[in-house]
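One is the number of the first residue; the rest follow in order along the sequence.
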Amino acid sequence: MTCVRLRQNGPRLAPMARRHAPLRRVCAEPHACPLPLRLEVLAHVPVLAGLTRGELAGVDRRMKSLAWGQGEALYRAGEPAEYLFVLAEGRVKVTQPTASGAEVVTDVLVPGDLFGSLTVHGEARYPESAVALTTVCALRIGPAAFRQVLTEHPAVALQVLDDVAVRLERSRTSTSRSASGTVTERVAATLLRLADRVGQRRTDGGTLLQLPLTRADLAGMTGSTPESVSRVMSRLVADGVVETGRRWTAVLDRDRLEELSGTRSAR
């Protein structure tokens with residue numbers, strides 16, 4: 001079954017922002033994701049940069065197209081790390097369990113992102129969970145098939161090593177930010193990061209985050225509490241810096257948000 005696109009009903013989206021409209025939640029697992037879409041997605045995966053269309057088709061033949069509904073887990077922390085995934089459509093949140101049993105959101109994934117992990121000696125486990133924020137279509141590859149890709153394309157193996165290094169640095173930076181700065185600074189920095197990753201330009205000049213993120217999710221991403229995040233968000237809304245809806249947030253004043261995050265000097 002193919003995924004059917006719907007026209008997006010977000011607030012004041014510009015025409016270009018409607019190119020990636022959400023999917024109907026009618027995708028079965030597995031499902032037939034069109035080959036042109038799969039190749040387009042693979043072409044945007046950084047570790048596959050430089051491969052020809054024919055080479056990407058060879059990678060695609062080793063991958064399985066699957067779909068998950070909103071709220072369903074692609075995998076859970078602690079499960080055997082058996083697959084790598086490439087997100088084709090939708091949004092996925094990555095969470096890590098805390099000592100208290102709560103789930104802390106560490107990232108939001110967009111189409112073209114490579115995620116997951118592979119068992120090397122039969123003992124590795126996923127260190128985090130990946131949960132669909134919207135209906136999700138992803139391409140999945142197992143360890144044997146991925147080794148074949150690395151053997152056939154040594155340049156991809158080098159890109160994978162670089163990608164691991166970038167992820168480690170990003171994790172250290174995120175941990176450092178969560179341990180310092182005020183709640184306002186951390187919330188502002190998180191909203192800016194989300195705007196850069198998943199933001200869609202609105203006709204009024206704002207940036208739309210079409211994500212069903214809760215205050216608890218933002219609290220997890222900022223190392224704060226839902227109550228503290230709610231107070232900060234209320235102030236940002238009152239000051240006209242952001243606008244919020246039932247399942248979306250919009251950045252209206254990016255300059256002010258940068259000032260609050262400490263990434264630029266206040267005027």
Under 3.5 Å: donor-acceptor pair, side chain of Ser129, backbone of Ala77: yes

Taking the side chain from Tyr75 and the backbone from Pro80, do they hold a donor-acceptor pair closer than 3.5 Å? no

Do Glu258 and Arg254 meet the salt-bridge criterion of a basic N to acidic O distance under 4.0 Å? yes

CH2/Trp248 to CZ/Arg202 distance, rounded to the nearest 0.5 angstrom? 5.5 Å

In this structure, OG1 of Thr190 is separated from CE of Met221 (nearest 0.5 Å) by 6.0 Å

Please step through salt bridge (charged side-chain N to carboxylate O under 4.0 Å, His left out) for the pair Lys93 and Asp217, ending with a clear verdict. CA-CA 9 Å; Lys93 67 177 179 180; Asp217 288 334; 3.3 Å; yes

Linking I/L/V/M/F/W/Y whenever their side-chain heavy atoms sit closer than 4.5 Å, directly or via other members, would Val156 and Leu84 fall into one cluster? yes

Please round to the nearest 0.5 Å and tell me the distance separating atom CZ of Arg61 and atom CD of Gln148. 11.5 Å

Nearest 0.5 Å please: distance from the CG atom of Asp113 over to the CZ atom of Arg197. 4.5 Å

Mind telling me whether Trp68 and Phe85 have parallel, tilted or perpendicular rings, with 30° and 60° as the class edges? perpendicular

Mind checking the CD-CZ spacing from Glu82 to Arg140? Nearest 0.5 Å is all I need. 8.5 Å

Salt-bridge present (Asp107, Arg193; N to O < 4.0 Å): yes

In Å and rounded to the nearest 0.5 Å, what is the CG to CG distance from Leu257 to Leu192? 4.0 Å

